[in-house]
Amino acid sequence: MKVCVFGANGYVGASLYQLAKEIPDAAVTGTYLEEPSLFDDLYKLDVNQPESFSEFYKETNPDVVVWSVMDGPNEHELTDQGLIHLITHLTPQTKLIYISSDFVFTEGKGPYSEEDPMSKLPDDHLYSTYANAKVKAERFITSQISNYVILRAGPIYGENKIGKLDERTDELAYHLSSGRPIAYRDDLIRTFVHVDDLAQIIKEQIQSDVTGVYHIGSGESSSFYGFMREMTERLGYNPQLVEKGSETEVVDKEVPKNTSLKTEKIKQITKLNFR
Ligand SMILES: NC(=O)c1ccc[n+]([C@@H]2O[C@H](COP(=O)([O-])OP(=O)(O)OC[C@H]3O[C@@H](n4cnc5c(N)ncnc54)[C@H](OP(=O)(O)O)[C@@H]3O)[C@@H](O)[C@H]2O)c1
């Protein structure tokens, strides 16, 4: 089986790239964009460039594709160009594993199940680029192909397989080590998921015929404030250093409040005990 991980240089992609190599009989390739490459055997590729994408894809000809790319302010291009290039190359036999986000539920009235309708943010909203590109990508995938798994995740945390922490925990650890307090909001509710739990689910999906949309995580939700206090204790610091952040917001620019995810569906197809 040939597996290709687009975004193998990233936080999630790097964990998955290592894990996927443990699959018996799997030939795993991966791509990166910016130097340095974390692994010697990754291919440098801009997924938005049609000629090089096509050349790489035809050479690789994978049975399973994992799309783990993300590009903040250019997220729309990843959907409008990269993802479209990919979909035009997929055969009906090729399985696409797409990592999506709880931010497809921009109304923030969770917890959400897989069947709940997605929504977009106004174009001038701070998070519209990412959220709306994810909604567009999901709609595109579900309307164009049938051999796909969309895995929706809330904030991903923890040390990945190459020792990299998520930016949020990294910032927390930095503050704590210098004894300085740090504030997080208590009104933003999420389903946090450990990076290696997500990577394990993707590994299982590479080897499975299951298709559809799945929410990832334990099903427990917490606020950023509550979660970060817990992380602080786990890191061995005094949780009093974590304070409640301001909840004052600009009207019409509010961050979606509760994007937590119901995760019963994924538990029917995995034995993994989410952290
Ligand atoms: N992190 C989270 O909390 C979170 C939550 C929910 C969902 N997700 C989803 O999980 C997936 C992985 O996220 P992540 O946290 O691992 O992101 P990440 O660390 O930023 O990794 C994304 C990777 O995409 C690659 N990339 C960006 N633009 C590219 C382009 N034009 N062509 C080729 N590669 C390109 C980058 O490669 P280089 O490093 O080589 O530049 C980077 O390694 C994304 O789909 C994201 O939306 C993440």
Side-chain angles (χ1 to χ4, degrees), residues 4-19 29-54 56-57 60 65-86 96-105 112 127 129-138 141 148-171 188 190-199 201-202 205 213-217 224 227 256 259-261 263:
C4 181
V5 181
F6 290 95
N9 221 27
Y11 172 54
V12 175
S15 259
L16 172 66
Y17 190 66
Q18 282 216 332
L19 207 56
T29 51
T31 73
Y32 75 104
L33 181 61
E34 300 291 340
E35 309 288 347
S37 159
L38 296 172
F39 306 98
D40 292 341
D41 53 358
L42 297 185
Y43 292 82
K44 188 172 174 69
L45 175 76
D46 183 343
V47 296
N48 295 335
Q49 295 298 323
E51 291 83 15
S52 43
F53 183 91
S54 193
F56 169 78
Y57 194 89
T60 313
V65 167
V66 182
W67 193 255
S68 188
V69 290
M70 176 160 86
D71 191 12
N74 304 313
E75 196 67 25
H76 274 294
E77 279 142 53
L78 280 182
T79 301
D80 293 343
Q81 297 173 32
L83 188 65
I84 290 188
H85 298 153
L86 172 68
L96 168 62
I97 302 174
Y98 180 85
I99 311 173
S100 188
S101 162
D102 59 343
F103 255 47
V104 298
F105 298 119
Y112 288 98
Y127 295 107
T129 308
Y130 182 68
N132 295 355
K134 286 292 187 194
V135 172
K136 197 184 339 174
E138 283 205 28
I141 292 166
Y148 66 81
V149 160
I150 293 173
L151 303 174
R152 292 191 190 129
I156 302 169
Y157 74 94
E159 190 175 304
N160 76 0
K161 290 208 176 292
I162 57 153
K164 186 175 190 285
L165 271 180
D166 59 293
E167 282 174 15
R168 215 172 282 114
T169 315
D170 207 21
E171 189 194 21
L188 304 180
R190 305 289 184 258
T191 300
F192 294 82
V193 62
H194 193 281
V195 61
D196 284 344
D197 287 348
L198 175 60
I201 292 292
I202 301 171
Q205 282 307 307
V213 180
Y214 289 86
H215 289 174
I216 305 304
F224 279 101
F227 184 79
T259 58
S260 62
L261 302 170
T263 59

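Just so you know, ligand 1 is whichever comes first in the structure, and atom 1 is the first atom listed for that ligand. Values reported hereafter were calculated over all heavy atoms of this structure, with side chains retained and with hydrogens, waters and symmetry mates removed.
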Checklist entry - Quick one: which of F53, Y17, Y98, Y32 gives a ring-ring contact (aromatic ring centres under 6.0 Å, His included) with F6? => result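 So, applying the ring-ring contact (aromatic ring centres under 6.0 Å, His included) to F6 and each of F53, Y17, Y98, Y32, only F53 qualifies.
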List, for ligand 1, each N/O atom that has a protein N/O partner under 3.5 Å away, with both atom names and the distance.
from     : atom 1 : to   : atom 2 : distance (Å)
ligand 1 : 3 (O)  : I156 : N      : 3.0
ligand 1 : 16 (O) : Y11  : N      : 3.3
ligand 1 : 16 (O) : V12  : N      : 2.8
ligand 1 : 19 (O) : Y11  : N      : 2.9
ligand 1 : 24 (O) : M70  : N      : 3.3
ligand 1 : 31 (N) : D46  : OD1    : 2.9
ligand 1 : 32 (N) : V47  : N      : 3.0
ligand 1 : 40 (O) : N9   : ND2    : 3.1
ligand 1 : 40 (O) : L33  : N      : 2.6
ligand 1 : 40 (O) : E34  : N      : 3.0
ligand 1 : 41 (O) : E34  : N      : 3.2
ligand 1 : 43 (O) : G10  : N      : 3.0
ligand 1 : 45 (O) : V69  : O      : 3.1
ligand 1 : 45 (O) : I99  : O      : 3.3
ligand 1 : 45 (O) : K134 : NZ     : 3.1
ligand 1 : 47 (O) : Y130 : OH     : 2.6
ligand 1 : 47 (O) : K134 : NZ     : 3.0

Item to check | Side-chain heavy-atom pair F56, C4 within 4.5 angstrom cut-off | outcome: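 Touching, per the 4.5 Å side-chain cut-off.
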Checklist entry - Does the distance from a Lys or Arg side-chain N to an Asp or Glu carboxylate O, for E34 and K44, drop under 4.0 Å? => result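 No, E34 and K44 are not salt-bridged.
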Checklist entry - Between atom CG of D46 and atom OG of S52, what is the distance when rounded to the nearest 0.5 Å? => result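 D46 CG to S52 OG: 6.5 Å, rounded to 0.5 Å.
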Checklist entry - Counting only N and O atoms by type, is there a donor-acceptor contact under 3.5 Å from the side chain of T191 to the main-chain atoms of L261? => result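 Yes, T191 side chain to L261 backbone: donor-acceptor pair under 3.5 Å.
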Item to check | Set of salt bridge (Lys or Arg N to Asp or Glu O under 4.0 Å) partners for D80, sequence neighbours left out | outcome: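 In terms of salt bridge (Lys or Arg N to Asp or Glu O under 4.0 Å), with neighbours along the sequence ignored, D80 is linked to K136.
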